[in-house]
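Before any comments, here is the structure.
These figures come from a predicted structure and were not determined experimentally. Side chains included, hydrogens not; waters and symmetry mates left out as well; all remaining heavy atoms used. Sequence lines set the chain letters: A, B, ... in the order given, protein chains first and strands last, and positions in each chain run from 1.
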Amino acid sequence: MSDRTAFPQRAVAQLLGSNGPIHAVSYSASPGTYILTGSADRSIRLYNPQPPTPPPAPSHITRPTASALPTAAALPVGRLIQTYAAHGYEVLSLAVAADNARFASAGGDRAVFLWDVATAQTTRRFGGTQHGHTGRVNCVAFGGADDSLVVSGGLDTTVRVWDARSGGGKPVQVLGEARDAVSAVVVAGAEIVTGSVDGRVRSYDVRMGRATTDVLGASVTSLCLARDAKTVLVGTLDSKVRLMDRANGACLKTYADAGWRNEELRVQSVLGGKERFVLAGDEMTSPAAAAAAAGSGGSVEVPATPSGAANEGRIWAWDLLTGKLVARLAVPWGAGGSESRKRVVGRDGKEKERKNVVSCIAWKEGGFGDQFCVGGTSGAVTVFGEG
Amino acid sequence: MSYKRPRTTYEADLTAQQSPFVLFGTPLPPLDPEVRDDGSYVPVWKQEVRDERGRKRLHGAFTGGWSAGYFNTVGSKEGWAPSTFVSSRSSRRKDDPKAGGQRPEDFMDEEDLADAEESQRIQTTAAFAGLGATKHDASRTASLMGLFRPDGDTMGAKLLRRMGWKEGQGIGPKTRRKARLELRTGTGDNGGTFLFAPENVPMISFTRKKDHKGLGYVGESRLAALGSSAKSSIAANSDDEEEDDNTFGRPKFSLAMGRKKEKDKGRGGIGIGILNDNGSDDEDPYEIGPRISYNRVIGGDRKKKKAAIVINPALKTKPIFISKKSALGKVALGVRKCHDGRLPLDGFVFGREADPLASEINSQGKYPPPVIPPDWVSSKKPQNEANSKDYVSTADAAKTSTLDPKARAALLSEKQLPGKSVFDFMSAAARDRLASVTGKMDLPPARGEVPAGYALSEEERLQELLKQVPKLDKETAIAALARGTGRGAPYGDDDEKRSRYRAYLEYQAGFRPALPPRPSRMSSEDWVRESHEFLNCARIFKPMTGFMASRFTTSSTTLNSGSQGEVSDKNLLTRPPPKPQDPAEEAAKIGMFGTLTRSVTDFYPTRLLCKRFNVRAPAHVQPDEDVVSGKPSRPDTSSQFGVYDNITPIPQELLALEFSSGVDGASANAVRDGEALKPLTAQTIVDSSKNEALEGKRAGEGVFRAIFGDSDDEED
């Protein structure tokens, strides 16, 4: 069983219901049965990606080809279980606690909400006072023993650490070293790793009392820690994803492709497949280059994108060790493959070009599960699995 | 039938059954126990009006009504009562305390009191008007001078008076002479000689001449003297005692008030009213009634005493008797009446010395001055008569000169300029300036020529140019030279300019005999300007020495290593230094991740953060706070934050069960999840039912309490 075959390439389900772009997806903590999506329509939805009546599994799953790819129409639809609506602005980030009883969400309303999963009520709201974020909150993560801390970073260049256990509206600590907006936060052990638009990855080691700053140059939009926390996957706006050694700051591997461009948008990149792959979304700004790459990249068995689907998004997958492109998957637009009839009109009055930007990716069980899901501007979350 | 209850019993009944009001708290005592302070209604007839001294001001109609009479107090308690003098051995009248109870103030009304108040007011005399403001604005004229010099007697005069000197006497030992009694008629020389005070020497005061009138001419002031009382210039030579007093060795300050007494008297005419009456200065024309003379001024009676002191009748302070002759001389100054008080005869006027009338008469030629004899020669001769004869002013001499510029040039043996226009030698800028000033646009073009004989040779020009090259002191030049060899030297991008800069520095340091020749494509102005720039550059790039150098470090040189070419060559001083590029950014750009891109700083986590992360606070944050030694030992706890890689999935599974049971059935999980997870979930079910293993694995409670302290209850 080679690595390539282990890569889940088949879209197994779609999660619908969002009325706007999806900004955040997250699996519930292990075993990752559920998917939480944070949407621009100010609500968070909880799905079970498994359809109530699973379609009959195809008999041959050996090599997925273009024809074998399930068409969008045939995609089963995951069940919407709960909608969490308390945000007044778009939801930009989600984090599920390890006990699966709580999750945290943050977004444009400059506050971090702590939710009770079962009752669909917010138990705590961090921020909104003078101690809270003064700008959009971009990222949120749990941390500390028993997930007693919530770490959030926002447009106000600060990372705020909130105490989820005891009351009080003041953050436990404010990390204000960033010179620009904080775009990603991950917590590993007693370390808080933040990525900022000023092109730096800062690791705050609470145990040692040391802050390590790694300069990446371009704006950091995505962080993904390996499970051993020795390496971190950093996505930056120079169309590169780097695997950085956290011990000495060296770049272990750089993942890039001529057809893959990431220069404007926050596109998440994660480790997946038991940390064998590097996945990244696509902001779809270079369709021509992508087509050229698709034509020339013969060495990698890339499933060909159906040429007619202009509204398809893409996911790129690299091999972690070799850095070679493993797969390039197409992400269908929306429900049943049919495009939304809504016309998106920009501020200039013209109809906006519709791009299916895949901005958020989550791998089940932190990269060790057997499926992953992607979300983006289409508003639908596509779940890929081995079937 | 109705029986009538008395009111007292009714009220007693009422208060017994229901109290009319409820008292809450203790009422404040009244301010004055005799006065009701509760704001209750007092009928008008009970109200009384008292003035500020507690006297009753309103009285009943039968006792006088509104303030009738003198408070209508006679016979009342407040008023005075007629009493008889009673005194006995047992009760002496003078011991009676009530005897002195009545003061005059008790019987004075407001006006009397105001008068009494005013009589007690104290103020400084007008002499010191500069020190304190008084009401006498007239004396304010000398207010500023009053600051420096008090009017009136000086200390010297006072001392002299103590020593027996009197006004009008001279100073010195007494002289023995005959009494001068010639003013008295008849009594000739009695023969006896007496001791007299020496003659008073009149004080000569020199008034500064500030006008261009002739000596002794007092035309305007003389005219003014007719209309007003200012006659200071006339009185300057009078030997009046007050005048002497004023001019006692000091510059004279003319006071309008001070000369009032010398005013022309009796010059009244038709329609002269009470205001024009010059009879007495001191009397107030509006004063009516008897004059109450309160002494309001300290030392105000000085003049009267002085007048009384004067005993010498011959002195004119007190005109007892003045002979006709002297009286005429005195009176002629303006008094129109004769000494006997009568007007002069009809058709006669008093002769005046320098009078407007006299001048008018003189102008009419009635009394011409005596004619100077034709053969009169002044006995005085000017000394420099000869010199003054052929004196010619410069302007006159210039006028008489017949020389033109050419002749003058010939006299000075100057070489004649070639026959060219001025504009040939003018620079274009000067010509333009001239054109703009004069407004003439048709001026000939400027050529900027230098006359051939005055043109500089090449060497001279070079010397001139070298003179314009700024000098730099040797130390600075050497220091800048030393600096210039290293990295970050100025003009790193322009080798030519850099070599010129080095040459300039070497020349200034003395290493090089002469400056290198000016480049041909460079004008001499640019060359000099560049040398000035070099001077400034050398001053800036000179490294600091010694003490100062140990205090400062240059930030630009260390960071600027990669970009020294960005130092501008043109305006080096005005342009800010280029923003230093972060070497880490540079390294990141070329992909050299590692030590170059990494920087480690101290981070100070708060105590709560350390506690929540379940780590011991770093040493530099809380050095001696923690009592637990070593690493907090939770080797097998459910926290996944101890060591990341030996995380046990058991608690997560447990909680996931709770999660899934609350939301969805767990059966679908088991079907859909991977095969490997199935036994895991089964295990967790067993564990959750027991719940003993989890508790058993926990470390001792004491450890937790030591670590977490009071937050243990929160974990529940």
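- The structure places CG of A/Leu175 at 5.0 Å from CZ of B/Phe603, a figure rounded to the nearest 0.5 Å.
- B/Pro605 approaches A/Gly209 most closely through the heavy-atom pair CD-CA, 4.1 Å.
- Taking every heavy atom of both residues into account, B/Glu585 and A/Asp198 meet most closely at OE2-O, 4.3 Å.
- Your options are A/Ala250, A/Ser203, A/Gly249, A/Ala218, and the one with the most heavy-atom pairs under 4.5 Å with chain B is A/Gly249.
- The structure places CD of A/Gln173 at 5.0 Å from CG of B/Leu609, a figure rounded to the nearest 0.5 Å.
- When A/Ala211, A/Cys251, A/Ser148 are compared by the number of non-hydrogen pairs under 4.5 Å with chain B, A/Ala211 comes out ahead.
- Closest of all the heavy-atom pairs between A/Gly217 and B/Ala588 is N-CB, 3.9 Å.
- In this structure, the portion of B/Thr595 lying under 4.5 Å from any heavy atom of chain A is its backbone and not its side chain.
- Contacts of A/Asp245 with chain B are made by backbone atoms alone, with heavy-atom separations under 4.5 Å and no side-chain atom involved.
- Residue B/Cys610 comes nearest to A/Val206 through the heavy atom pair SG-CG1, 3.9 Å, listed as atom of the first residue, atom of the second, then distance.
- Rounding to the nearest 0.5 Å gives a distance of 9.0 Å between CZ of A/Arg165 and NZ of B/Lys611.
- Proximity to chain B (any heavy atom under 4.5 Å) is shown, for A/Leu225, by neither the backbone nor the side chain.
- Note that CZ of A/Arg200 and OG of B/Ser599 are 7.5 Å apart. Values are rounded to the nearest 0.5 Å.
- Here the CG atom belonging to B/Leu596 is positioned 11.5 Å from the CG atom belonging to A/Asp214, to the nearest 0.5 angstrom.
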Exercise for review: Would you sort out whether A/Asp163 and B/Arg612 count as a salt bridge (Lys or Arg N to Asp or Glu O under 4.0 Å), showing the intermediate values?
Suggested key: CA-CA 8 Å; A/Asp163 191 0; B/Arg612 290 282 180 258; 2.6 Å; yes
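- Using a 4.5 Å heavy-atom threshold, the side chains of A/Arg210 and B/Thr601 count as separate.
- Residues A/Leu216 and B/Phe593 have side chains in contact (heavy-atom distance under 4.5 Å, counting atoms from C-beta outward).
- A heavy-atom distance below 4.5 Å is not found between the side chains of A/Arg207 and B/Pro618.
- Contacts of A/Val161 with chain B are made by side-chain atoms alone, with heavy-atom separations under 4.5 Å and no backbone atom involved.
- For chain B, no part of A/Arg202 is nearby; none of its heavy atoms comes within less than 4.5 Å.
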